[in-house]
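Here is the structure we will look at, set down as structure tokens.
Just follow the structure's listing: the first ligand is 1, and inside any ligand the first atom is 1.
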Amino acid sequence: MKITIIGAGNIGSTLARNWAKAGHQIFLGVRKVDGFKEKELLSEGNISIDTIPGAIAKGSVIVLSVPPDAVPSLVKHLEGAKDKIIIDPTNAFRAKPEGFENAFDALRSLTRCKHIVKAFNNTGFENIANPAGLDTFVSGDSEKAKKVVKQLAKDLGFANCYDFGGNDKAALQEQLGMCWINLALVQGMGRDIAINVIKRQPL
Ligand SMILES: NC(=O)c1ccc[n+]([C@@H]2O[C@H](COP(=O)([O-])OP(=O)(O)OC[C@H]3O[C@@H](n4cnc5c(N)ncnc54)[C@H](OP(=O)(O)O)[C@@H]3O)[C@@H](O)[C@H]2O)c1
């Protein structure tokens, strides 16, 4: 699959590395192509960098791994992406997009994109790098996008990717990310914890 990742920070570079290892073709969209520092990422044969519009034009899946308040500035680049799958992994922990509670709402309101999903926000990037045994979640109205995300979660190595519901559940899914942040960082349990679904046998 051709996957565009905007933002090559903790989440963007982790997703890029592991999806590239799984055989996907990755187009990193960055603000400064010339000053790109994460050069080791490019040693994976199937990862390349481009400008943000250049990368968006190439992928069929677009991941916006940027701070949530940066999302409105990317909207102008999503004009031609209305039929592409847009993955929002953001958690508005420190800052919100201006005028919105979260990036998912901003994307729904400011773009014509039909396949926006919330995904890969429920745990830290270190867990996403090594997700064996861990669960993740996807929400949004687009069944097509959710099917693709479930496969991409499997390709990363997650144990399960549960359907969290439609567009009306994306904010709740973001709160699950906030729960992880609370336990891991605010309550001090550490970044190696994860929140999983446990299915118990009835007595
Ligand atoms: N870190 C985690 O464990 C984690 C877990 C789950 C979800 N998330 C969410 O994932 C998102 C990214 O987190 P992160 O930890 O990867 O952040 P990060 O390491 O700070 O990386 C953010 C990236 O976004 C880029 N960026 C910032 N503003 C931009 C703009 N206006 N246009 C284009 N690119 C821009 C930065 O590029 P420059 O180098 O040009 O500044 C950088 O590559 C956040 O929304 C966060 O809530 C993070």
Side-chain angles (χ1 to χ4, degrees), residues 3-19 26-42 47-57 59 62-78 81 86-98 100-107 110-111 116-131 134-139 149 152-153 156 158 161 164 170-186 189-195:
I3 306 173
T4 294
I5 299 180
I6 306 302
N10 294 314
I11 285 287
S13 58
T14 301
L15 292 173
R17 204 174 283 115
N18 286 10
W19 277 330
I26 310 296
F27 307 102
L28 289 175
V30 298
R31 289 192 282 193
K32 292 180 191 154
V33 174
D34 288 340
F36 187 64
K37 294 192 189 95
E38 311 289 331
K39 297 271 192 248
E40 49 73 41
L41 268 180
L42 306 179
I47 303 182
S48 59
I49 56 165
D50 207 329
T51 60
I52 291 170
I56 287 176
I62 321 274
V63 184
L64 302 176
S65 46
V66 299
D69 52 331
V71 165
S73 72
L74 299 174
V75 161
K76 60 180 179 289
H77 302 303
L78 295 172
I86 313 292
I87 299 179
D88 164 23
T90 69
N91 290 316
F93 175 60
R94 293 199 180 84
K96 295 177 182 182
E98 197 179 342
F100 297 95
E101 280 304 302
N102 54 61
F104 189 88
D105 286 351
L107 286 165
L110 302 175
T111 75
I116 304 168
V117 278
K118 174 71 83 182
F120 306 119
N121 69 305
N122 69 301
T123 194
F125 70 93
E126 303 92 333
N127 285 335
I128 293 175
N130 178 22
L134 303 187
D135 294 338
T136 195
F137 306 88
V138 59
S139 51
V149 165
L152 290 176
L156 289 171
F158 277 100
C161 179
F164 207 78
L172 187 61
Q173 188 179 315
E174 186 157 324
Q175 290 305 310
L176 192 59
M178 300 294 194
C179 291
W180 181 85
I181 292 169
N182 175 51
L183 290 174
L185 309 182
V186 184
M189 290 180 76
R191 297 185 62 94
D192 54 354
I193 63 147
I195 299 173

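- Partners of Leu172 by side-chain contact (heavy atoms from CB on, under 4.5 Å), not counting sequence neighbours, listed by chain and number: Phe164, Lys169.
- For ligand 1 and Ile52, the ligand atoms under 4.0 Å from any heavy atom of the residue are 33 (C).
- Using a 4.5 Å heavy-atom threshold, the side chains of Arg17 and Leu41 count as touching.
- Listed by number with element, the atoms of ligand 1 under 4.0 angstrom from any heavy atom of Gly124 are 3 (O).
- Neither the backbone nor the side chain of Ala103 comes within 4.0 Å of ligand 1, counting heavy atoms alone.
- When Ala184, Gly9, Ser73 are ranked by how near their heavy atoms come to atom 21 (O) of ligand 1, first place goes to Gly9.
- For atom 10 (O) of ligand 1, the closest heavy atom belonging to the protein is Ile11 CG1, 3.7 Å.
- Counting non-hydrogen atoms of neighbouring residues, nucleotides and ligands closer than 6.0 angstrom, the CD atom of Glu126 exceeds 12 such neighbours.
- At least one side-chain heavy atom of Leu42 sits under 4.5 Å from a side-chain heavy atom of Ile49.
- Taking a 6.0 Å sphere around NZ of Lys32, one finds it holds 12 or fewer heavy atoms contributed by other residues, nucleotides or ligands.
- Closest to atom 23 (C) of ligand 1, if we only count protein heavy atoms, is Ser65 O, 3.7 Å.
- Every atom of ligand 1 is numbered from 1 in the order shown, and the set under 4.0 Å from a heavy atom of Pro68 is 45 (O).
- A donor-acceptor contact closer than 3.5 angstrom is absent between the side chains of Asn121 and Glu174.
- At the shortest separation from atom 5 (C) of ligand 1 among protein heavy atoms lies Thr123 O, 3.1 Å.
- For atom 1 (N) of ligand 1, the nearest protein heavy atom (residue, atom name, distance) is Phe125 CD2, 3.7 Å.
- Looking at Pro89, Gly177, Ala92, Ala8, it is Ala8 that brings a heavy atom closest to atom 43 (O) of ligand 1.
- Heavy-atom neighbours of Glu40 CD from other residues, nucleotides or ligands within 6.0 Å: above the threshold of 12.
- Taking 4.0 Å as the cut-off, Ile128 does not count as a neighbour of ligand 1 on heavy-atom distance.
- For Asn127, the closest heavy-atom approach to ligand 1 does not fall below 4.0 Å.
- Nearest to atom 30 (C) of ligand 1 by heavy atom, out of Arg191, Arg31, Lys37, is Arg31.
- For Glu38 and Ser13, the side-chain atoms include no donor-acceptor pair closer than 3.5 Å.
- Selection from Val66, Asn91, Asp88, Thr14 by nearest heavy atom to atom 45 (O) of ligand 1 gives Val66.
- Near Ala70, meaning under 4.0 Å from one of its heavy atoms, ligand 1 places the atoms 28 (N), 29 (C), 30 (C), 31 (N).
- Contact of the Phe27 side chain with the Asp50 side chain is not registered, since no non-hydrogen atoms from C-beta on lie closer than 4.5 Å.
- When only non-hydrogen protein atoms are considered, atom 15 (O) of ligand 1 lies nearest to Asn10 ND2, 3.2 Å.
- Remark: atom 39 (O) of ligand 1 lies closer than 4.0 Å to no protein heavy atom.
- A donor-acceptor pair under 3.5 Å is absent between the side-chain atoms of Asn102 and the main chain of Ala171, judged by distance alone.
- The closest side-chain heavy-atom distance from Asn127 to Trp180 is below 4.5 Å.
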